[in-house]
Amino acid sequence: MHSLMVRIPSFRFEDSAMEKGYTVFKIDVLTSGRQHSVEKRYSEFHSLHKKLKKFIKAPEMPSKHVRNWVPKVLEHRRLGLEIYLQTIIMENEVLPKIFLEFLNIRHFPSLPKTESCGSFDETESEESSKLSHQPVLLFLRDPYVLPAADDTFPNVVIEGVVHGMFYPHIQPW
């Protein structure tokens, strides 16, 4: 769980002599009790999305092409971008550096990196001191949720725990 919250409370239209007008979205970022805001154009979100897809399974982005710039359409895009950012935060245990930079977060507490742990033997190569984590057991669904009613295979773990906690005096069948 991250101590990071984002929301996009508003947007505004920016008119420029150099290029045609565009919309800027205000992003409120709350991390470790501190809040700041950044403003980003849709094109910056789109650029972030293309970079993120190389590192994580990025969620869907709101459509790039908008027919008209009426407030209702822009409000829909604002909400879509807000959900996009929140989904990235919720679905990723470790947030990519480019995502944190996009939100203008310089110091974000993350999981300790194996490189920073050091090693007992200083002559040991850095490569051999890195930990390797491989999944040992993979669940296709949450093993702690009770099985569906149509599940014909009994969940012996849940049944055993329930039996042991609530009926310890009754012998198992």
Side-chain angles (χ1 to χ4, degrees), residues 1-119 125-145:
M1 186 71 186
H2 301 287
S3 62
L4 172 64
M5 289 178 17
V6 294
R7 47 186 284 271
I8 302 177
S10 61
F11 56 85
R12 62 182 173 79
F13 191 72
E14 185 73 36
D15 217 353
S16 167
M18 305 296 282
E19 56 185 321
K20 69 177 191 172
Y22 54 88
T23 305
V24 176
F25 296 90
K26 179 186 178 201
I27 307 167
D28 285 345
V29 181
L30 179 66
T31 177
S32 304
R34 294 191 179 129
Q35 183 178 336
H36 69 272
S37 296
V38 289
E39 290 189 330
K40 300 286 184 181
R41 296 172 60 167
Y42 180 86
S43 59
E44 293 173 280
F45 277 92
H46 192 260
S47 174
L48 170 73
H49 182 69
K50 287 198 309 197
K51 292 174 189 170
L52 280 177
K53 286 198 301 190
K54 297 175 186 170
F55 302 103
I56 62 170
K57 184 182 179 296
E60 287 292 312
M61 279 266 306
S63 175
K64 183 176 182 175
H65 302 288
V66 181
R67 283 192 177 79
N68 53 359
W69 296 98
V70 295
K72 184 178 176 185
V73 173
L74 290 173
E75 172 57 24
H76 185 72
R77 180 177 266 190
R78 178 205 67 78
L79 181 62
L81 291 171
E82 183 175 85
I83 291 168
Y84 174 79
L85 294 177
Q86 291 171 348
T87 303
I88 291 170
I89 293 168
M90 284 191 306
E91 291 184 353
N92 294 281
E93 203 170 306
V94 177
L95 296 170
K97 189 176 179 206
I98 50 170
F99 181 74
L100 298 174
E101 287 170 353
F102 178 82
L103 296 174
N104 204 13
I105 299 172
R106 284 179 182 77
H107 304 289
F108 186 71
S110 60
L111 296 172
K113 303 279 183 274
T114 55
E115 290 85 356
S116 64
C117 294
S119 63
S125 75
E126 191 175 323
E127 203 55 45
S128 65
S129 70
K130 290 183 182 174
L131 298 176
S132 172
H133 299 282
Q134 297 296 322
V136 177
L137 190 57
L138 179 69
F139 293 100
L140 297 177
R141 61 189 170 101
D142 191 338
Y144 299 105
V145 175

Peer 1: Working to the nearest 0.5 Å, report the span between CD1 of Ile89 and CD of Gln86.
Peer 2: 7.0 Å
Peer 1: Identify the two heavy atoms, one from Tyr84 and one from Ala58, that lie closest to each other, and give their separation to 0.1 Å.
Peer 2: OH-CB, 4.3 Å
Peer 1: The test is side chain to side chain contact (heavy atoms under 4.5 Å, CB included); show your working for Arg77 and Phe11 and say whether it passes.
Peer 2: CA-CA 10 Å; Arg77 180 177 266 190; Phe11 56 85; over 6 Å; no
Peer 1: Report the C-alpha separation of Val29 and Asn104 in whole Å, then their side-chain angles, then the decisive distance to 0.1 Å, and conclude whether the side chain to side chain contact (heavy atoms under 4.5 Å, CB included) test is met.
Peer 2: CA-CA 9 Å; Val29 181; Asn104 204 13; over 6 Å; no
Peer 1: Is Lys57 salt-bridged to Glu91, going by a charged N under 4.0 Å from an acidic O?
Peer 2: no
Peer 1: Please report the interatomic distance CE(Met5) to OG1(Thr31), rounded to the nearest 0.5 Å.
Peer 2: 10.5 Å
Peer 1: When rounded to the nearest 0.5 angstrom, what distance separates CZ in Phe13 from CG in Asp15?
Peer 2: 5.5 Å
Peer 1: Dump the intermediate steps for side chain to side chain contact (heavy atoms under 4.5 Å, CB included) on Asn92 and Phe99, then the final yes or no.
Peer 2: CA-CA 11 Å; Asn92 294 281; Phe99 181 74; over 6 Å; no
Peer 1: Can you name the nearest heavy-atom pair linking Arg41 to Val24, along with the distance?
Peer 2: CG-CG2, 4.4 Å
Peer 1: To the nearest 0.5 angstrom, please state how far the NE2 atom of His36 sits from the CZ atom of Arg34.
Peer 2: 11.0 Å
Peer 1: Step by step, would you call Ile105 with Leu4 a side chain to side chain contact (heavy atoms under 4.5 Å, CB included)?
Peer 2: CA-CA 10 Å; Ile105 299 172; Leu4 172 64; 3.5 Å; yes
Peer 1: At their closest point, which heavy atom of Glu82 faces which heavy atom of Pro9, and how far apart are they?
Peer 2: OE2-N, 4.5 Å
Peer 1: Are Met61 and Leu81 close enough that some pair of their side-chain heavy atoms sits under 4.5 Å apart?
Peer 2: yes
Peer 1: If I take atom CD from residue Glu14 and atom CD from residue Glu39, how far apart are they, to the nearest 0.5 angstrom?
Peer 2: 8.0 Å
Peer 1: Look at the rings of Phe102 and Phe45 and say which category their plane angle falls in: under 30° parallel, 30 to 60° tilted, over 60° perpendicular.
Peer 2: perpendicular
Peer 1: Taking only Lys NZ, Arg NE, NH1 and NH2, and the carboxylate oxygens of Asp or Glu, determine whether Lys72 and Glu75 approach each other closer than 4.0 Å.
Peer 2: no
Peer 1: Does a sphere of radius 6.0 Å around CD in Gln35 hold more than 12 heavy atoms from other residues, nucleotides or ligands, not counting ones at 6.0 Å or beyond?
Peer 2: yes
Peer 1: Indicate the atoms forming the closest heavy-atom contact of Pro62 with Gly80, along with that distance.
Peer 2: CG-C, 3.5 Å
Peer 1: Please round to the nearest 0.5 Å and tell me the distance separating atom CG of Leu48 and atom OG of Ser43.
Peer 2: 11.5 Å
Peer 1: I want to know whether Tyr42 and Tyr22 have ring centres closer than 6.0 Å.
Peer 2: no
